[in-house]
Amino acid sequence: MPLNRPRLGLCCIFAEQPIAFRKTTAAYIGRQSRKGALDKLSDIAAQNAVALRQALEFCRANGIGSFRINNEVLPLRTHPQLGYSPLKLRGGKHIVAAFREAGAFAAENDLRTLFHPDQYVVLNSPNSAVVENAKSELEHLAELAEWTHADVLIVHGGGAYGEKDAALDRLAANIESLPTEVRSRLVIENDERVFTPADLLPVCRATGVPFVYDVHHHRCNADGLTVEAATEAAVATWGDREPLFHISSPLEGWMGPKPSRHHDYIDLADFPDCWKGRKVTVEVEAKAKELAVLRLMGQLKMVEV
DNA sequence: AGCGGTCAAGTTGAT
DNA sequence: ATCAACTTGACCGCT
């Protein structure tokens with residue numbers, strides 16, 4: 001009987017390992033000729049595919065169970081003026097193949113890969129242009145997710161706009177309208193300012209979208225649910241799939257001025273006891289990146305009996 | 001080579 | 001009104 005324990009996940013980048021993802025700016029790319037722009041974007045994309053493979057190999061070699069892929073591995077892909085189709089890049093077929101090979105490596109080695117689209121992806125905005133933009137970004141990321149075997153795209157609930165209930169209704173309605181490639185991967189996470197687990201769990205139950213439980217956000221933005229209750233409710237939304245949690249520690253302690261700021265490392269005391277012994281993924285959101293993941297992994301093993 | 005200003009996009013809350 | 005914060009500082013251009 002294998003021992004159930006959380007797998008720990010690394011987010012996007014490395015503190016010490018010489019593995020780096022590249023990006024660029026719209027201002028710079030917009031100044032180039034179209035060909036010059038595509039050449040630069042091609043170089044970046046090709047290098048990012050290599051970096052992804054290196055990142056996954058590092059995780060595999062060090063017992064890190066999941067890796068969050070940064071959203072800009074194909075920079076400016078959905079930019080209204082500068083966007084492009086990946087296959088139109090120089091060496092586009094090879095670039096796509098390299099991402100697919102990285103995904104195959106992840107799948108073969110039981111490495112979970114995932115994306116956390118950034119703050120501009122807002123599914124419940126009253127501004128339809130914002131929602132359309134969000135959908136377009138999610139469709140792009142769903143394609144990348146297919147290449148890389150990523151099973152989740154994590155988004156927050158969005159804004160409250162002074163009317164939380166209406167905002168949650170819009171969220172649910174817009175989730176229903178997503179294409180299958182996006183919908184099948186979409187998951188929703190509580191945030192540190194607006195939407196708590198208690199706010200989002202009903203939307204998750206109604207739409208069938210799983211709930212990502214961020215215990216640090218929950219401690220910043222509480223709702224009356226205990227950590228244990230939120231954990232159980234979150235797990236229930238995942239069905240047969242492996243649940244996903246987020247952990248961080250406050251930069252200057254829970255009594256500090258801004259507990260939402262992330263520390264370099266995780267304080268073991270912040271890691272919920274009720275997560276131990278479960279087959280779940282816990283993404284470590286800490287500034288020391290792989291060093292924080294490895295330290296926490298060691299600490300969890302030491303307390304295991 | 002080093003360094004400072006800048007960076008597509010949304011929303012909130014502190015200042 | 002401005003701006004930092006959010007999953008993550010990296011990139012560009014000037015000296």
Side-chain angles (χ1 to χ4, degrees), chain A residues 9-15 17 19-32 37 40-41 43-44 47-48 51 55 66-84 113-138 140-141 150 152-164 167 170-171 187-195 212 214 216-217 220-221 244-251 257-264 266 281-293:
Chain A
L10 173 62
C11 298
C12 304
I13 58 177
F14 292 82
Q17 285 301 305
I19 299 172
F21 292 86
R22 294 191 52 206
K23 61 182 183 181
T24 187
T25 64
Y28 177 65
I29 291 297
R31 236 175 277 137
Q32 324 280 323
K40 290 198 165 56
L41 292 163
D43 289 343
I44 293 172
Q47 290 180 42
N48 285 344
S66 87
F67 184 70
R68 181 187 300 175
I69 305 171
N70 99 61
N71 310 304
E72 297 189 272
V73 286
L74 296 179
L76 304 174
R77 158 89 172 87
T78 58
H79 189 282
Q81 279 81 46
L82 307 172
Y84 54 91
T113 55
L114 55 100
F115 290 87
H116 192 341
D118 63 31
Q119 62 270 34
Y120 308 109
V121 174
V122 179
L123 280 175
N124 77 337
S125 175
N127 179 344
S128 61
V130 170
V131 176
E132 286 311 306
N133 190 36
K135 287 186 181 176
S136 153
E137 182 70 14
L138 286 169
H140 152 60
L141 290 172
V152 300
L153 308 175
I154 308 170
V155 298
H156 292 291
Y161 312 94
E163 248 188 317
K164 248 189 183 183
R170 267 199 313 278
L171 176 62
V187 301
I188 299 182
E189 179 191 350
N190 60 306
D191 63 81
E192 81 283 21
R193 280 217 284 269
V194 182
F195 292 119
V212 176
D214 186 317
H216 185 255
H217 289 162
C220 294
N221 186 14
L244 182 59
F245 300 148
H246 285 174
I247 186 78
S248 335
S249 287
L251 179 57
K258 283 185 272 188
S260 64
R261 303 291 300 119
H262 290 172
H263 199 279
D264 288 350
I266 304 300
T281 304
V282 179
E283 286 195 283
V284 175
E285 295 181 338
K287 293 193 174 294
K289 311 314 294 186
E290 81 275 19
L291 306 179
V293 178

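Naming convention: chains lettered A, B, ... in sequence-line order (proteins, then strands); numbering from 1 in each chain. Hydrogens, waters and symmetry mates play no part in the numbers below; they use all other heavy atoms, side chains included. The model shown is predicted, which means the values in this text are computed figures rather than measured ones.
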Atom CD1 of Ile19(A) and atom P of dT8(C) are separated, to the nearest Å, by 19 Å
Closest heavy-atom pair, Asn71(A) versus His140(A), reported as atoms and distance to 0.1 Å, is O-NE2, 4.3 Å
Assign each of Cys11(A) and Arg22(A) the nucleotide of DNA chain C bearing its closest heavy atom; nearer the 5' end lies the nucleotide of Cys11(A)
Item to complete: Have a look at Gln81(A) and say if it touches a base, only the backbone sugar-phosphate, or nothing, with a 4.0 Å heavy-atom cut-off.
Response: nothing
Taking a pair to mean Watson-Crick or G-U wobble geometry with both distances below 3.5 Å, dA8(B) pairs with none
Rounded to whole Å, the CG-P distance (Asp264(A) to dT8(C)) equals 11 Å
In whole angstroms, the gap separating C1' of dC6(C) from NE2 of His246(A) amounts to 13 Å
When every non-hydrogen atom of Ala167(A) is compared with those of Phe195(A), the smallest separation belongs to CB-CZ, 4.1 Å
Separation of dA5(C) atom C1' from His216(A) atom NE2, nearest Å, is 13 Å
Check: Looking only at side-chain N and O atoms, does His156(A) come under 4.0 Å of OP1 or OP2 in dT7(C)?
Finding: yes
- Message: Taking the P atom in each of dA5(C) and dC3(B), what is the distance between them to the nearest angstrom?
- Response: 23 Å
In short, Ile69(A) meets Phe115(A) closest at the heavy-atom pair O-CD2, 3.3 Å
Checklist entry - Between dG9(C) and dG10(B), how far is it from one P atom to the other, in whole Å? => result 23 Å
In terms of heavy-atom contacts, Arg22(A) and Pro75(A) come closest through O-CG, 4.4 Å
When you measure from the side-chain N and O atoms of Lys287(A) to the phosphate of dT7(C), is any distance below 4.0 Å, counting only OP1 and OP2? no
Subject >> Between dT6(B) and dA4(C) - C1' atom distance, rounded Å >> reply: 15 Å
### Message
Salt bridge or not between Glu285(A) and Arg68(A)? Use side-chain N to carboxylate O under 4.0 Å.
### Response
yes
dT8(C) and dG2(B), which share atom name C1', separated by this distance in whole Å = 23 Å
Open item on the list: With a 4.0 Å cutoff (strictly under), does any side-chain N or O of His262(A) reach OP1 or OP2 of dT8(C)?
Closed with: yes
**OP:** May I ask you to say what Cys12(A) touches in the nucleic acid, namely base, sugar-phosphate or nothing, with a heavy-atom cut-off under 4.0 Å?
**Re:** base
In Watson-Crick or G-U wobble terms, with both distances under 3.5 Å, the base opposite dT8(C) is none
Each nucleotide of nucleotides 8-15 of chain B classed B (base within 4.0 Å of a protein heavy atom), S (only sugar-phosphate) or -, in 5' to 3' order, makes BBBBBS--
Scanning both residues in full, the closest heavy-atom pair of Tyr161(A) with Arg170(A) reads CD1-NH2, 3.3 Å
Rounded to whole Å, CG of Leu244(A) lies from P of dT7(C) at a distance of 13 Å
From NZ of Lys23(A) across to C1' of dA10(C) the rounded distance in Å is 5 Å
Leu141(A) CG to dT7(C) P, in whole Å, measures 16 Å
### Query
Hey, do the aromatic rings of His156(A) and His116(A) have their centres closer than 6.0 Å?
yes
The reported gap from CD1 in Ile247(A) to NE2 in His217(A) (rounded to nearest 0.5 angstrom) is 11.0 Å
Can you see if the side chain of His217(A) gets near the phosphate of dT7(C) - specifically, an N or O under 4.0 Å from OP1 or OP2?
yes
note: Glu192(A), atom CD; dA4(C), atom P; distance rounded to Å ~ 16 Å
